[in-house]
Amino acid sequence: MKIAFWLYFFMFLAFFDLHAQYPILTPFALSLGAAPTFIGWMMGIYSLTHLPGNLIAGQGVDRHGSRRYMIFSLLTAGVLLLLQAHVTEPWQLLVIRSISGFVLAFLSPACLAMLASLSNNPVQQGKLMAGHGVMHTIASVVSPAVGAFLVAQSGFSLAFQMLGWLLITTSVIAMITIHEPAKTVKPAALEPKTVPSGIPLKLNVIPLRYYLLSLAIACSQGILFFELPLQTGGASGIMHTGLYFSIISLGALVTLSMLFLSKLSPYKRASFGILGVALCFFAMAALDFLPLPAILFVLGMAKGVVFPALSSLFIDLSGGQRLGTVFSLQSIATSLGSFIGPIAAGAMHGLYSPYFLAFFLLMLTLILVPPKKHAGVLTPPIGAETGRP
C-alpha cells in the first residue's frame with residue numbers, strides 16, 4: 001500500500017494542477033480575442049489529440065508498465081504550460097493545447113492500471129478506484145477557486161508558469177518514489193490443472209456499447225466546461241466560475257466519501273449516477289427558478305457515483321485482464337466525447353441551450369445501454385491473477 005499512498009499523492013498534485021485550468025482557459029482565450037466557436041474547437045482539439053496517445057498508452061502500459069508513461073506525461077505537460085504562459089495569439093493556444101492533449105493521454109490509463117494491479121480482489125480494486133476518485137475530487141474542490149484566484153491576483157501568465165512548475169516538480173519527485181508493483185505470478189508447476197497446456201488463454205471482450213457510457217458523460221462534461229464560464233460572464237466572472245467548479249467537486253466528494261457504495265453493483269451505480277447527471281442538465285436548461293449552486297452540487301454528487309462505478313465496471317467486464325488496453329479504450333471514448341461536447345456547444349451557443357443536448361445524450365445512452373443483470377462480482381477468468389498478459 002506504500003505505492004498506493006505515493007500514487008494518490010502524485011495524482012492529487014497532477015489533478016490539482018489540471019483542474020486549476022478549467023475556469024481559466026475560456027477567459028484566457030477570450031482575452032486573446034477568440035470567438036466562442038473557436039473556443040469550442042480549442043477545447044475539443046485537446047481531446048481529439050488524446051486518441052493517438054490513448055492508442056499508444058494502452059499497449060505500452062500492458063507491455064512496459066505505468067511508471068515511465070506517468071513521468072513522461074507529467075514532465076512534458078509542465079513544459080507545455082510554461083510555453084502557454086507566453087501565448088499571444090489564439091492559434092498559438094490551439095497548437096499548445098493540441099500537444100498537451102496528446103501527452104496527457106498517457107496519464108489516466110497509466111494511473112488506473114497501476115492502481116488496479118495493486119490488488120487481485122475485485123472489492124479491493126473497487127475501493128482503490130474509489131480512492132482514485134477521492135483524490136481526484138479533493139484536488140478539484142479547491143483547485144478551480146485557486147486557479148481563478150491566481151489569475152485575479154497575478155494574471156494569466158504567472159498563473160500558468162506556477163502550474164507548469166508544479167507539474168515538473170511532481171514528475172521529478174515521482175521518478176524517485178514511484179516503482180512498478182511486483183508481479184505475483186504463480187509457478188507453472190503449481191497450476192497444471194488450472195491452466196492445461198495447449199489451451200489458449202481466454203480474453204474477455206467488452207461490448208462496445210458500454211464505452212458509450214464514458215463517451216456520453218465526457219460529452220456532457222465538455223458542454224459544461226464550455227458553457228458554464230460563458231454563463232457566468234467570461235473573464236469578468238472568473239472568480240464565480242472557479243467557485244462553481246469547486247461546488248461541483250464538493251458534491252462529488254460527498255458521494256466519493258461513501259465508501260460503502262463500492263460494494264454495490266457498478267452497473268446500477270453507473271446507471272443511477274448518469275440519470276442524476278442528466279436530470280441536473282435538464283434543470284439548468286429549463287428550471288430557472290432553481291438556484292444554480294444547488295444544481296451544481298447535486299450534479300457533483302451524481303458524478304461522484306458515476307466515475308468510480310465506470311472504473312469498476314470495466315475491471316469487472318474485462319475479468320482483470322489487459323487493464324492498460326481496457327482503460328486506454330475507455331479514455332478513447334472519453335476523448336471522443338470531450339471533443340464532440342464543446343464543439344457542439346459552441347455551434348449551439350446563442351441559439352439553444354447546450355444543456356438540453358447534454359440531457360438528451362445522457363438519456364439516450366441509458367436507453368441504449370441498460371444496466372446488466374448482474375448478481376454479484378464476476379470471478380476473474382483463468383490467467384487473470386496479475387492483470388498482465
Side-chain angles (χ1 to χ4, degrees), residues 8 15 108 111-113 115-116 119 121-138 140-141 204 206-221 224 248-283 295-320 323 326-327 329-331 333-334 337 358-359 361-380:
Y8 284 144
F15 288 135
S108 181
C111 289
L112 291 173
L115 267 181
S119 175
N121 184 281
V123 175
Q124 182 64 25
Q125 286 177 334
K127 292 180 179 179
L128 288 170
M129 291 300 110
H132 166 269
V134 169
M135 288 297 102
H136 192 163
T137 306
I138 291 176
S140 61
V141 166
N204 288 3
I206 300 177
L208 290 179
R209 66 178 182 275
Y210 284 101
Y211 291 105
L212 290 176
L213 298 173
S214 295
L215 188 147
I217 281 291
C219 185
S220 66
Q221 192 165 247
L224 180 67
I248 295 173
S249 301
L250 190 61
L253 182 61
V254 171
T255 46
L256 284 169
S257 301
M258 303 176 184
L259 297 181
F260 65 88
L261 292 176
S262 62
K263 298 180 181 179
L264 303 178
S265 167
Y267 304 91
K268 293 182 179 178
R269 281 187 283 147
S271 298
F272 284 111
I274 291 174
L275 177 61
V277 174
L279 293 177
C280 288
F281 276 108
F282 179 80
I295 298 175
L296 294 176
F297 184 81
V298 177
L299 174 64
M301 291 184 67
K303 288 174 59 179
V305 174
V306 171
F307 287 111
L310 288 179
S311 298
S312 298
L313 184 149
F314 284 110
I315 293 174
D316 197 2
L317 288 170
S318 68
L323 295 173
V326 170
F327 287 122
L329 292 174
Q330 184 192 9
S331 295
T334 300
F359 168 74
L361 288 176
L362 291 170
M363 295 304 294
L364 180 62
T365 302
L366 284 179
I367 295 173
L368 296 176
V369 191
K372 182 179 178 181
K373 307 287 185 186
H374 195 62
V377 180
L378 290 176
T379 303

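Numbering of residues begins at 1 and proceeds along the displayed sequence.
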Once rounded to the nearest 0.5 Å, what's the spacing between atom CG of Leu299 and atom CG of Leu279?
11.0 Å
Which residues share a side-chain contact (heavy atoms from CB on, under 4.5 Å) with Leu361, sequence neighbours left out
Cys219, Leu357
Please report the interatomic distance CG(Leu224) to CD1(Ile248), rounded to the nearest 0.5 Å.
4.5 Å
Could you tell me the separation between the OG1 atom of Thr365 and the CD1 atom of Ile217, rounded to the nearest 0.5 Å?
8.5 Å
For the pair Phe272 and Val305, evaluate side chain to side chain contact (heavy atoms under 4.5 Å, CB included) and give the outcome as yes or no after the intermediate values.
CA-CA 8 Å; Phe272 284 111; Val305 174; 5.9 Å; no
Taking all atoms of both residues into account, what is the closest heavy-atom pair of Val306 and Gly273, and its distance?
CG2-C, 3.3 Å
Only counting residues at least two apart or in another chain, list the ones meeting ring pair (Phe, Tyr, Trp, His ring centres under 6.0 Å) with Phe282.
Phe359
Nearest heavy-atom contact between Phe281 and Leu362 is CD1-CD1, 3.9 Å
About how many Å separate CG of Leu212 and CG of Leu364, when rounded to the nearest 0.5 Å?
8.5 Å
Say you draw a straight line from CD1 of Ile274 to CG of Leu213; how long is it, rounded to the nearest 0.5 Å?
4.5 Å
Where Ala358 and Ser220 come nearest, the two heavy atoms and their spacing
CB-CB, 3.8 Å
Under the 3.5 angstrom rule, does the side chain of Thr255 hit a backbone N or O of Met301 as a donor-acceptor pair?
yes
Shortest non-hydrogen pair, Ile295 vs Cys280, comes out as CG2-O, 3.5 Å
